[in-house]
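One structure is given here, and the rest of the page talks about it.
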There are 2 protein chains.
Amino acid sequence: MRDMLDQMDLANCPVRHVLDHIAAKWTTLILLELEPGPCRFNALARSLPDISRRMLTQSLRDLERDGLIARQVFPTKPPSVEYALTDLGRSLLGPLCALIDWAKASAPEIATARAAFAAQA
Amino acid sequence: MRDMLDQMDLANCPVRHVLDHIAAKWTTLILLELEPGPCRFNALARSLPDISRRMLTQSLRDLERDGLIARQVFPTKPPSVEYALTDLGRSLLGPLCALIDWAKASAPEIATARAAFAAQA
DNA sequence: TGTATAAGTCTCTTTTAGAGACCGTATCAT
DNA sequence: ATGATACGGTCTCTAAAAGAGACTTATACA
C-alpha cells in the first residue's frame, strides 16, 4: 500500500496518469458508452449530452493517445469516424466497475454523512 | 454494465459524486496517505508537498463531508487536528487499489501507445 | 526578543472547462 | 436551384477551478 504512494509522488508517475483519466470526469462515461460496441462521434455526443463537443474531442484524443480506444476513419462522404475500445481499454472496465459498484453500494451511507455534515455546519 | 451508465446520466447521480472524488486528483493521495493511520494537517502537507494548503484543506473538507475521513480536534495549545479514515473510507481503498494495480500493470502498454501516437502525430 | 509551530484563510494569477457559433463537404427534400 | 441536414470537428469567449504564497492568532522555546 505504501509503495503505491511512493510511486505516486513521482511527477511523471504512471499511476498519476491513469487517475488523471478517471479524473477527467468524462473519460469514464465514454469508456462505458463504448462498452457495448464501437460508436461514432456524433452518436457519442448524443449519448452524452452533458459533454460539450469540445471536451468530447479532447477526451477522445486523450483516450486514443493512451491506447484505450481506437479511432478509425471511413472514407464515406462525409467521412465518418468510429471509436472503439481497445483490449487495453476493455481491461480497464473491470477495475472501473468495481469502483462504480462501491459507489452505488456506499451511496446511502455517503448521503447520510452529507446530511449530518450539513446539519452540523 | 449499461444500467450503470443509465444511472450516471442523472444529474445528481451518486456514482458521479464518487468519481468526482477520484477526479479531485488529490483525494486519492490523501486516502492512501491516511491508510497506515491518522495524520495531522501539517504532517499531511509535508507528505504531499505538491498540494497547496488551500487545496489540502478543501480536499479534506470534501472527504469529511462524505464521511470518508473523520476530523478530530485536540485541545492542545496550539490546537492540533487529526484526520483518520472512517470505515467507509477504508472500504474504498480496495477498489481504489485495484485501479492502481491496473495502472501499474498497464503502464508499459500505455507508454508504448503514447510513443506511437506521438510519432504518428 | 526573536523564531518556530499549529491549522488554516486570503488574495492574486494561471489553468481548465463550458457554451455555443462556425467550417467545408455532401446528401436529401422541395 | 434552394434550403435543411448531417458529418466531425475547430474557434473564440467567458466562467469556474486550481496553484502560489503571504498572512493570521496563540503559544512555546531558545
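Note on naming: letters A, B, ... go to the chains in the order of the sequence lines (proteins, then strands), and numbering restarts at 1 for each one. Everything numeric here is computed off the predicted structure, so don't read it as measured data.
Residue-level contact check: A:Phe74 touches neither bases nor backbone, having no heavy atom under 4.0 Å from any strand. Within the 4.0 angstrom heavy-atom criterion, base atoms lie near B:Arg54. A:Thr57 comes within 4.0 angstrom of a nucleotide base, judged by non-hydrogen atoms across all strands.
Rounded to an integer number of Å, the gap from CD1 of A:Ile51 to P of D:dG9 is 13 Å. We find that CG of B:Leu60 is positioned 11 Å from P of C:dT9, with the value rounded to whole Å. Atom-to-atom, CZ of B:Phe41 to C1' of C:dT5 comes out at 13 Å; the value is rounded to the nearest Å. In this structure, A:Leu56 places its CG atom 14 Å from C1' of D:dC7, rounding to the nearest Å. Between the C1' atom of C:dA7 and the CE atom of B:Met55 lies a distance of 17 Å, rounded to the nearest Å. Here D:dG8 presents its P atom at 14 Å from CD of A:Glu64, a figure rounded to the nearest Å. A:Arg71 has its CZ atom 12 Å from the C1' atom of D:dC7, to the nearest Å. Rounded to a whole Å, the CD atom of A:Gln58 is 11 Å from the C1' atom of C:dG18.
At least one donor-acceptor pair under 3.5 Å links the side chain of A:Thr86 to the backbone N or O of A:Gly67.
A heavy-atom distance below 4.5 Å is found between the side chains of B:Ser91 and A:Trp102. Within the 4.5 Å cutoff, the side chain of B:Leu48 has heavy atoms near those of the B:Glu33 side chain.
The phosphate of D:dA18 (OP1 or OP2) has no side-chain N or O of B:Trp26 nearer than 4.0 angstrom. Neither OP1 nor OP2 of D:dA6 sits under 4.0 Å from any side-chain N or O of A:Asn42. For D:dT12, neither phosphate oxygen OP1 nor OP2 lies less than 4.0 angstrom from any side-chain nitrogen or oxygen of A:Arg53.
Within 6.0 Å of the CD atom in B:Glu64, the count of heavy atoms belonging to other residues, nucleotides or ligands exceeds 12.
Comparing B:Arg46 and A:Ser52 by the nucleotide of DNA chain C whose heavy atom lies nearest to each, the residue mapping closer to the 5' end is B:Arg46. Projected onto DNA chain D by closest heavy-atom contact, A:Pro78 and B:Lys77 fall at different nucleotides, the more 5' of which corresponds to A:Pro78.
In this structure, A:Leu44 is a member of the same hydrophobic cluster as A:Val73, with clusters built from ILVMFWY side-chain heavy atoms closer than 4.5 Å.
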